[in-house]
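This report refers to the structure that appears directly beneath it.
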Amino acid sequence: MNDYTLFLYPAAVAYHLAAVLSIQELIDRCNDYSRWIGGTILTGTLFVTLAIAGRWLTYGQGPFLTMYEVLISSLFSLSLIYGLAYAFVPITRIGAPFAAGTMLLLFFWAAETDPGIRLLPPTYETPWLWVHVIFGKLFLGCCLVATSLGVWLITPLKRFVRSVRYMWVPQQIERQVWIWLSIAFLFHSAMLIAGAVWAQDAWGRYWDWDPLETWAFITWLCMAIALHLRSVYHLGPRSLSLLAMGVFVLAFLTFFGVPFISINPHQGAV
Amino acid sequence: MSESTMITRASRLKPGGSGGQRGEGRLKWLRPVASLRITSLGLLLLGAGGVVASRQSDAGQWLIIVSLLLLAINLSAALLSSPLFRVRPALFGMHVGLLLLALALAYGQLSRFRGHFEITEGQEFDPRQVIVDRQAALPTALPLEAAFAQGAIKIDYAPGMMRRQTRSRVVLANNREWTASEGQPLIIDDYRFYVTHNKGFSALISWWPVQGGSPTHLGSLHFPSYPRLAPMQTLSWMAPDGTALTFEIRPTNIPQDDDWTLSGTMAEALLLVTLNGLTTRLQPGEAMRLPGGMFRFEGVKMWIGYRIFYDPSLYWCFASALIVICCLAVHLAGRYLRKPKTNITLADTGKVTI
Ligand code: HEM
C-alpha cells in the first residue's frame with residue numbers, strides 16, 4: 001500500500017461519522033449536531049486532499065486518468081461542494097445522509113480499485129483539461145446536492161423526523177432542487193463546451209458521438225427537457241425527485257461507468 | 001414577485017401595451033409553433049439521433065438534422081412570439097445564442113472537409129497528395145502548394161513503448177517556424193493539420209534513365225509505420241523500368257528500460273536491396289544499375305502522417321456557445337439570486353410564494 005492511500009481511511013471514518021450523526025440529527029429533538037456534521041465532512045475533504053496531493057507528488061501528475069484517480073478526485077470535489085453547501089445553505093442539510101452515503105460508496109469503490117498509475121497522454125497537457133474537469137466536478141457536485149434534496153422529497157423516513165430545524169415546507173425543498181439542477185445544467189454546458197474545444201485541438205474533431213460524449217449529451221438533454229417541461233406541467237414532488245435522481249444516476253454512470261466499460265472509450269481515457 | 005406569478009403574468013400580457021407587446025399580438029398565430037411541448041419533443045428526437053449516431057448509423061445524422069430543424073423553427077417562433085422573452089432579456093439572449101449555434105453547426109456540416117496525407121522530412125506540402133476523407137458540400141480550396149516544408153520529426157517514448165510528445169517542425173511559406181504536436185495543430189488559412197501517430201522511416205531515391213540526362217527525382221519510399229510494425233521494415237518497389245526490388249532498413253534496437261526519442265537517426269543509413277534473391281547493401285550516395293536505368297540511394301529520413309480538418313464555423317460555434325453560457329448564467333443569477341421574501345406565504349392557489 002502506498003503512503004498516500006493511508007489518508008483515505010481517516011476520510012472514510014469522517015464520512016461514516018457524518019452519515020451517523022446526520023441521521024441522529026434528524027430524529028433528535030433537542031441537540032444540534034450540524035457543526036459536527038459539517039466539520040466531519042470538511043475534515044474528510046481535507047484527508048482526501050492530502051491523499052491526492054501525496055499521489056500527485058509521488059507520480060508527478062494529477063488524478064485525471066484511471067478509474068482510481070477519477071474516483072478519488074470526485075470524492076474530493078463532491079465532499080468539498082457538499083460540505084460548503086452544508087455550511088452555507090442550511091436547507092441542504094437534510095440531504096446529509098444521502099450525500100455522506102454517496103461519499104462512502106465512492107470510498108469503498110476506490111478501495112476496491114487498482115491504484116496503479118498510467119502516464120497521462122500528451123493531449124492532456126492543455127489548460128482546457130482543467131476547465132473541462134473543474135466544470136465537470138462542479139456539475140456533479142450540484143447534482144449531488146439536488147439529488148440529496150430530491151430524495152428527501154419522497155423518502156418515507158420523513159415521518160421519523162423530530163428536529164424542528166428539518167421541517168422544511170416541501171415547496172422550499174422543490175425550489176432548492178430546481179436551483180441546484182439549473183446550476184448543474186450551467187456547469188454541464190460549460191463542461192461540454194470546454195471538452196469540445198479540447199477534443200478539437202487534441203483529435204481534430206469537436207464531437208464524435210463516442211459513448212462518453214453521447215451519454216454526457218443525454219444527461220444534458222434530460223436537464224434541458226426538464227427545465228422546459230417545468231413550465232408546461234407542474235411537476236409534483238415525486239416527479240421532481242425522480243427527475244433529480246435520474247439525472248444523478250445518468251451523470252454517475254457517465255462519469256464512472258461509460259469510460260471504463262466501453263469497448264470504444266473516449267479517446268481521452270486511453 | 002414569485003417565479004410562477006411572474007410567468008403567469010408574462011404569458012397573460014395582452015397586445016396594446018408597449019410597442020413590443022403590440023408586435024407580439026400580431027404574431028400570436030405563431031404561438032402553437034412555439035409550444036414548449038414541441039421543444040421537448042425536438043430535444044427527445046435530438047437525443048435519439050445522438051444514440052443512433054453513436055452506433056455509426058447514417059440514420060442518426062438524419063434524425064439529428066430533422067430534430068435541429070424542428071427546434072430551430074420552434075425556437076424562432078418562440079423568440080418572435082413569446083412575451084416571456086421580452087421580460088427576461090438574458091433568457092432571450094441565451095436562446096438567440098442557441099439559434100446561432102444551430103446555424104453555425106449547419107454551416108459547419110456544409111463546409112467541413114477532412115483529408116489525410118503523409119510527408120517526409122525536407123518535402124514540401126503538395127495538395128495533390130491529400131487523400132480526401134470528406135468532401136465539403138460548399139466549395140473549398142486547399143492551401144497552396146508549398147504552404148509549408150516539413151522539418152525534423154521527433155517522437156519521445158517512455159519505457160514500455162509509451163508514446164509521449166510528437167514534435168514535428170515545419171517551416172511556413174513566410175519562413176516562420178512552427179512545431180506541430182499532439183493538441184497543437186498547425187493552422188494555415190483555417191485548415192488544421194494534425195500530426196497522427198502514423199510515422200516511420202522513408203528511403204530517398206533518385207532515378208537516372210539509361211539514356212542519360214538529368215535524374216528524375218522520385219522522392220521518398222515510405223516503410224511501414226514504426227515502431228508499431230518494427231519487425232516488418234521492408235517494402236517492394238517497382239522501378240520505372242519495371243524491375244521489381246525489395247528494400248529493407250535496419251533501425252537500431254529500441255531501448256526497453258529508458259526514455260528514447262524516435263528520429264531519422266535511429267535507422268542505420270543503410271539500404272538492403274534484394275534483386276532476384278541477391279541482397280546488396282547501399283550507403284547514401286551509392287547507386288545500383290538496373291536494365292532500364294540506375295537508381296541512387298540518397299539516405300534515410302522520417303515520414304509522418306497528418307490529418308487535415310477544415311471547418312470555418314468553429315469560431316462561430318465557440319462564440320455562440322459562449323453567448324449561451326453567459327446569458328444562462330445571467331438569467332439564473334437574476335432568477336435565483338434575487339433576495340427572497342423573508343416570509344413564506346401560502347397563496348390562495350395552494351402554491352407557495354417564496
Ligand atoms: C437545446 C436547446 C435548448 C436549451 C438547452 C434550452 C434551455 C433553456 C433553459 C436553461 C431555460 C431556463 C429555464 C429556467 O429558467 O428554469 C429555458 C427556458 C425556456 N426555453 Fe429553452 N432551451 C432550448 C431550446 C428551446 C426552444 C427550441 C424553445 C422554443 C420554444 C425554447 C423556449 C423556452 C422558453 C419559452 C423558456 C421559458 C420557460 C419558462 O421559464 O417558463 N427553448 N430554456
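In what follows, chains carry the letters A, B, and so on, assigned in the order in which the sequence lines appear, proteins first and then strands, with residues in each chain numbered from 1. Note that the coordinates shown come from a computational prediction; the quantities given were computed from them, not determined experimentally. Computation of the quantities below employed the complete heavy-atom set of this structure, encompassing side-chain atoms and omitting hydrogens, waters and symmetry-equivalent molecules.
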### Query
Out of A/Pro170, A/Ser182, A/Ala190, A/Gly204, which one racks up the most heavy-atom pairs below 4.5 Å with chain B?
A/Gly204
## Note on the structure
Okay, A/Ser189 and chain B: the region with an atom under 4.5 Å from a heavy atom over there is both
### Query
So which part of B/Ile308 gets closer than 4.5 Å to some heavy atom of chain A, the side chain, the backbone, both or neither?
neither
#### Entry: Main-chain N/O of A/Leu229 paired with B/Arg37 side-chain donor or acceptor, under 3.5 Å
no
### Query
Should B/Leu105 and A/Tyr206 count as side-chain neighbours, where that means a heavy-atom distance under 4.5 Å?
yes
### Task
Return the minimal non-hydrogen interatomic distance between A/Leu221 and B/Leu46, and the atom names on each side.
CD1-C, 4.0 Å
### Query
Do other residues, nucleotides or ligands put more than 12 heavy atoms under 6.0 Å from B/Arg134 CZ?
yes
### Query
Among A/Thr214, A/Asp208, A/Ile218, which residue meets the side chain to side chain contact (heavy atoms under 4.5 Å, CB included) test with B/Ser54?
A/Thr214
### Query
What part of B/Arg164 is in contact with chain A, defined as an atom under 4.5 angstrom from a non-hydrogen atom: side chain, backbone, both or neither?
both
### Task
With a 4.5 Å cut-off on heavy-atom pairs, point out which of B/Gly183, B/Ala329, B/Ala53 contacts chain A the most.
B/Gly183
#### Entry: Residue selection (most heavy-atom pairs with chain A, distance under 4.5 Å) from B/Val324, B/Leu328, B/Leu322
B/Leu328
### Contacting moiety of A/Glu174, where chain B heavy atoms sit under 4.5 Å
neither
### Query
Quick one: are A/Ile183 and B/Tyr336 in side-chain contact, heavy atoms under 4.5 Å?
no
### Query
So, do A/Trp215 and B/Val51 sit near enough that their side-chain heavy atoms are less than 4.5 Å apart?
no
### Query
Does any heavy atom of chain A fall under 4.5 Å from the side chain of B/Arg163, the backbone, both, or neither of them?
backbone
### Summary
When rounded to the nearest 0.5 Å, the distance separating CD1 of B/Ile325 from CZ of A/Phe135 is 7.5 Å
### Message
Does atom CH2 (A/Trp56) have a neighbourhood of more than 12 heavy atoms from anything else shown, all under 6.0 Å?
### Response
yes
### Task
Below 4.5 Å from any heavy atom of chain A, which atoms of B/Leu44 appear? Answer side chain, backbone, both or neither.
both
#### Entry: Step-by-step side chain to side chain contact (heavy atoms under 4.5 Å, CB included) determination, A/Trp209 to B/Val52
CA-CA 9 Å; A/Trp209 298 112; B/Val52 180; over 6 Å; no
### Task
Give, as side chain, backbone, both or neither, the part of B/Leu101 having an atom under 4.5 angstrom from any heavy atom of chain A.
neither
#### Entry: A/Trp178 portion near chain B, given a 4.5 angstrom heavy-atom threshold
both
### Query
Which answer fits B/Asp156, side chain, backbone, both or neither, if we ask what part of it has an atom under 4.5 Å from a heavy atom of chain A?
neither
## Note on the structure
chain B shares the most heavy-atom pairs under 4.5 Å, among A/Phe185, A/Trp220, A/Trp128, A/Tyr233, with A/Tyr233
### Message
Assess, by modelled atom type and distance only, whether the side chains of A/Arg205 and B/Tyr194 contain a donor and an acceptor separated by less than 3.5 Å.
### Response
no
### Query
With a 4.5 angstrom heavy-atom cut-off, which part of B/Leu332 approaches chain A: side chain, backbone, both or neither?
side chain
### Task
For each of B/Arg55, B/Arg114, B/Met162, B/Gln165, tally heavy-atom pairs with chain A at distances under 4.5 Å, and name the one with the top tally.
B/Gln165
### Query
A/Leu186 versus chain B, heavy atoms under 4.5 Å apart: side chain, backbone, both or neither?
both
### Task
Would you mind checking which part of B/Gln184 comes under 4.5 Å of any heavy atom in chain A, side chain (CB onward), backbone (N, CA, C, O), both or neither?
backbone
### Task
Kindly compute the distance separating NE2 (A/His228) from CG (B/Leu43), expressed to the nearest 0.5 Å.
6.5 Å
### Task
Name the region of B/Ser40, side chain, backbone, both or neither, that has any atom closer than 4.5 Å to a heavy atom of chain A.
both
### Summary
Heavy-atom nearest pair, B/Ala158 first then A/Leu119, reads CB-CD1, 3.8 Å
#### Entry: Student check: side-chain heavy atoms of A/Asp201 and B/Glu182 closer than 4.5 Å
no
### Query
If you draw a 6.0 Å radius around CH2 in A/Trp168, do more than 12 non-hydrogen atoms from other residues or ligands fall strictly inside?
yes
